[in-house]
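Just so we're on the same page: letters track the sequence lines, and every chain starts at 1. These numbers come from the heavy atoms of this one structure, side chains and all, not from hydrogens, waters or symmetry mates.
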There are 2 protein chains.
Amino acid sequence: MTDRAPTLSDVAALAGVSYATADRVVNARGGVAEKSARRVRAAVRQLGYIRNVAAANLSQRRIYRFAVVLPAGPNAFFAHMRALLAEAQDRLAADRVALSIIEVPAFDAGALAARLMALAEDDLDGLALVGTDDAEVLTALAALRARGVAVVSLVSDLPDAARDAYVGIDNAVAGRTAARMIGLGHGGRAGRVLPIVGAVSAPDHAQRLNGLRAVLDQHYPTLTLAPEIEGRDRHEEVETQLTARLATDPAISAIYSIGAGNAGLIRVLEQWPGDRPHPFVVVHELVAHTRAALERGVIDLIIDQRPGDEIALALGRLREIADRTTPTRAAEPVVPALYVPENLPPATAASLAKET
Amino acid sequence: MTDRAPTLSDVAALAGVSYATADRVVNARGGVAEKSARRVRAAVRQLGYIRNVAAANLSQRRIYRFAVVLPAGPNAFFAHMRALLAEAQDRLAADRVALSIIEVPAFDAGALAARLMALAEDDLDGLALVGTDDAEVLTALAALRARGVAVVSLVSDLPDAARDAYVGIDNAVAGRTAARMIGLGHGGRAGRVLPIVGAVSAPDHAQRLNGLRAVLDQHYPTLTLAPEIEGRDRHEEVETQLTARLATDPAISAIYSIGAGNAGLIRVLEQWPGDRPHPFVVVHELVAHTRAALERGVIDLIIDQRPGDEIALALGRLREIADRTTPTRAAEPVVPALYVPENLPPATAASLAKET
DNA sequence: TTGTATGCGTTATCAT
DNA sequence: ATGATAACGCATACAA
């Protein structure tokens, strides 16, 4: 409990070596006699020395250079994320971190890989990306990491070997949660659950679907699963396919929208025939139109992956790695939030970002 | 897009004054001719200068001194919070903030006020407290703030004038959310909801109860409200009163536990007679025993105020104020999280903190 | 009213 | 293999 935190000078003095020597062992620069090194390490332990990151950064004039890469396009969730990132940009500027937000065409592994390759020239400190598990993308990431860029996968995970950390939800958990809530909404009665996915081939969507199925099987045997609709995350597609399906499968009592394209779903629900009981509807991601639908009672539940928290976590992770700080907190997955009309957070500027 | 961020020296040079003069106007120290001041301000704007907080702190050898004051005692939620704070302590040490965790006897305004008064001698930078709205406490807080200590109320709010910010949930929102979930759990059937409060005189509990009532009235007219039990946040008390009530009011189909003492509630539920339908049970705060009960299916939903996030937010707020950083982000209330068995976060060391 | 110089703890460069 | 020392951007004591 000394009044001031021990500095490296204190360490050097205690170890009986010069400041430079102490610095060499602490920062593993090599070229130090083992005897001296030992004494320095002992002094570090004894004093409880911890490196002052702020001072270190100052001396290096360090500016953290981070980039976030996410899909362009009309998807409301990513539009929201872009807005949140733009807000973060301003706040971060005060902390000496330069954040570039990069959009690449959605569903285009080639374009993504090319963009990543270009990024290698920018000597970034860290990169967070919403990536896909394609060979060319993984190659580009490997190149970046070889250059010392910290890589965090965001929203959608990549193979362990391709990134330093993952920040996002566990999609199986999301699917299981949806099942539980649908079960609750049926209050013990029988029912029929219709999943709407973007594509069954998308791993994220498949995981949610599996989670849904597992919990329905285990806890709600009276709820059957209708064959899923593939809406390709496009709202027109969802609208037409859903309309058709509802005509042929009148028993549907719940809908779980696993992907995007919810605008189409909501249009169908808005025009629900008065003589047919309303289905219990669960969708993903809190954005302007899903929020409005929840407030109007058109849908019942939103499972949200809290993109604001995800961004904060991802940037924090990048910073930890860049600071070579011991990553004390393990990589806990983000817990999906459940929103009903009563616990909706206040609408913010970013959450009102319109689809582009 | 210059390569390096502008410094105050740059500002001074552009303004044609010395470094010290620039510093005087930027930090409002006074004693500068208006003519010079104007030129400096113009230069600041033109260059987009922002103070480098890290450098400033370094030059001052600044260590943030923060304290968190919370109630001692067996309450599992606060035990959890203490554990989270202890974890935060270590992380924060690396960032040059000294965090002291202070426990005061629960429900003892005099002791709290006395402790706060003693704190005034410590020249803190900031204080977060779980306080009560008592005159002596407010007086002590006023004294602290007069000494320049930033004050944030945590978990339970205080009058606007008594603190700089509030970090915690909106308790009415919590009650409304509980009502919605209980409504869902009944799936349209009639029912009877029993609230268990600590004390109706506690503002937080009253707010939750009002929220519950409002949404039941508005959206679920077939659900009636039973007279609330006052369990004084003690589990034995809850157990005996609840047992008695269940005997006299057999229609009860849902229980909303608004306060603490859930161990007693859970004991009663564990011994539920096999011939009586299980009630739908909602409790507050994710702690070891509520988590276990949820996992076993004894209770149905946990409304959690995410103490980890609250702590991070509170400390962030204190830091913003201490840094005299423009508080860009408005004071959004913490959104209560909803946990069902499927979306429970992984158990951490802190979350297993036992009741003391 | 204005200006100069020193130290904060670290990195990095240039000596020994 | 080791040591001295000039930045880094800021606050501040001191000088003019």
Side-chain angles (χ1 to χ4, degrees), chain A residues 2-41 43-44 47-64 93-97 125 322-325, chain B residues 2-41 43-44 47-64 93-97 125 322-325:
Chain A
T2 51
D3 203 356
R4 93 195 212 312
T7 74
L8 194 49
S9 296
D10 300 329
V11 171
L14 179 60
V17 300
S18 78
Y19 182 95
T21 300
D23 169 72
R24 287 186 180 97
V25 9
V26 165
N27 291 319
R29 302 187 207 282
V32 175
E34 181 51 31
K35 187 182 61 179
S36 311
R38 220 190 306 282
R39 304 192 55 177
V40 171
R41 279 192 289 265
V44 165
L47 295 177
Y49 167 76
I50 47 185
R51 169 167 163 274
N52 185 330
V53 186
N57 290 346
L58 175 60
S59 84
Q60 291 176 124
R61 254 188 189 154
R62 188 188 224 294
I63 301 182
Y64 295 89
D95 285 337
R96 258 62 196 173
V97 353
D125 295 297
D323 279 345
R324 45 198 174 114
T325 274
Chain B
T2 51
D3 203 356
R4 95 194 209 313
T7 74
L8 193 48
S9 297
D10 299 330
V11 171
L14 178 60
V17 300
S18 78
Y19 177 92
T21 299
D23 169 72
R24 287 185 180 97
V25 8
V26 165
N27 291 319
R29 301 187 207 283
V32 176
E34 181 51 31
K35 186 182 63 178
S36 312
R38 219 191 308 283
R39 303 193 55 179
V40 170
R41 280 191 287 266
V44 165
L47 294 177
Y49 167 76
I50 46 186
R51 200 167 70 103
N52 185 331
V53 187
N57 289 346
L58 177 60
S59 82
Q60 291 176 122
R61 260 186 184 156
R62 188 188 224 291
I63 299 182
Y64 296 90
D95 286 338
R96 259 63 195 173
V97 354
D125 295 297
D323 279 344
R324 47 198 172 113
T325 273

Problem set entry | Donor-acceptor contact present, side-chain Arg39(A) to main-chain Ala15(A), <3.5 Å |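 Checked: pair present.
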For this session: Give a yes or no on whether the backbone of Thr7(A) and the side-chain of Asp10(A) come within a donor-acceptor separation of less than 3.5 Å.
Result: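 At least one qualifying donor-acceptor pair exists.
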Exercise. Do you know which two heavy atoms are closest between Val32(B) and Ala37(B), and how far apart they sit?
Worked result: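 That would be CG1-N, 3.9 Å.
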Exercise. Nearest heavy-atom pair of Ala56(A) and Arg51(A): which atoms, and what distance?
Worked result: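 Heavy-atom minimum between the residues: CB-NH2, 4.0 Å.
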Exercise. From the 5' end of DNA chain D to its 3' end, which nucleotides mark the outer limits of contact with chain A, defined by a 4.0 Å heavy-atom distance cut-off (strictly under)?
Worked result: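 The protein-touched segment is dA1(D) to dG9(D).
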For this session: Give the intermediate values and the outcome of side-chain hydrogen bond (donor to acceptor under 3.5 Å, both in side chains) for residues Asp323(A) and Tyr64(A).
Result: CA-CA 10 Å; Asp323(A) 279 345; Tyr64(A) 295 89; 2.3 Å; yes
Exercise. What distance do Leu8(B) atom CG and Asn52(B) atom CG have between them, rounded to the nearest 0.5 Å?
Worked result: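 The CG atom of Asn52(B) is 11.0 Å from CG of Leu8(B), to the nearest 0.5 Å.
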For this session: Between protein and nucleotides 3-11 of chain C, map the contacts as a letter string: B base, S sugar-phosphate only, - none, heavy atoms under 4.0 Å, written 5' to 3'.
Result: BB--BBBBB
Problem set entry | With Val17(B), the side-chain contact (heavy atoms from CB on, under 4.5 Å) member among Val25(B), Val11(B), Val40(B), Asp23(B) |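 For Val17(B), the side-chain contact (heavy atoms from CB on, under 4.5 Å) test succeeds with only one of Val25(B), Val11(B), Val40(B), Asp23(B), which is Val40(B).
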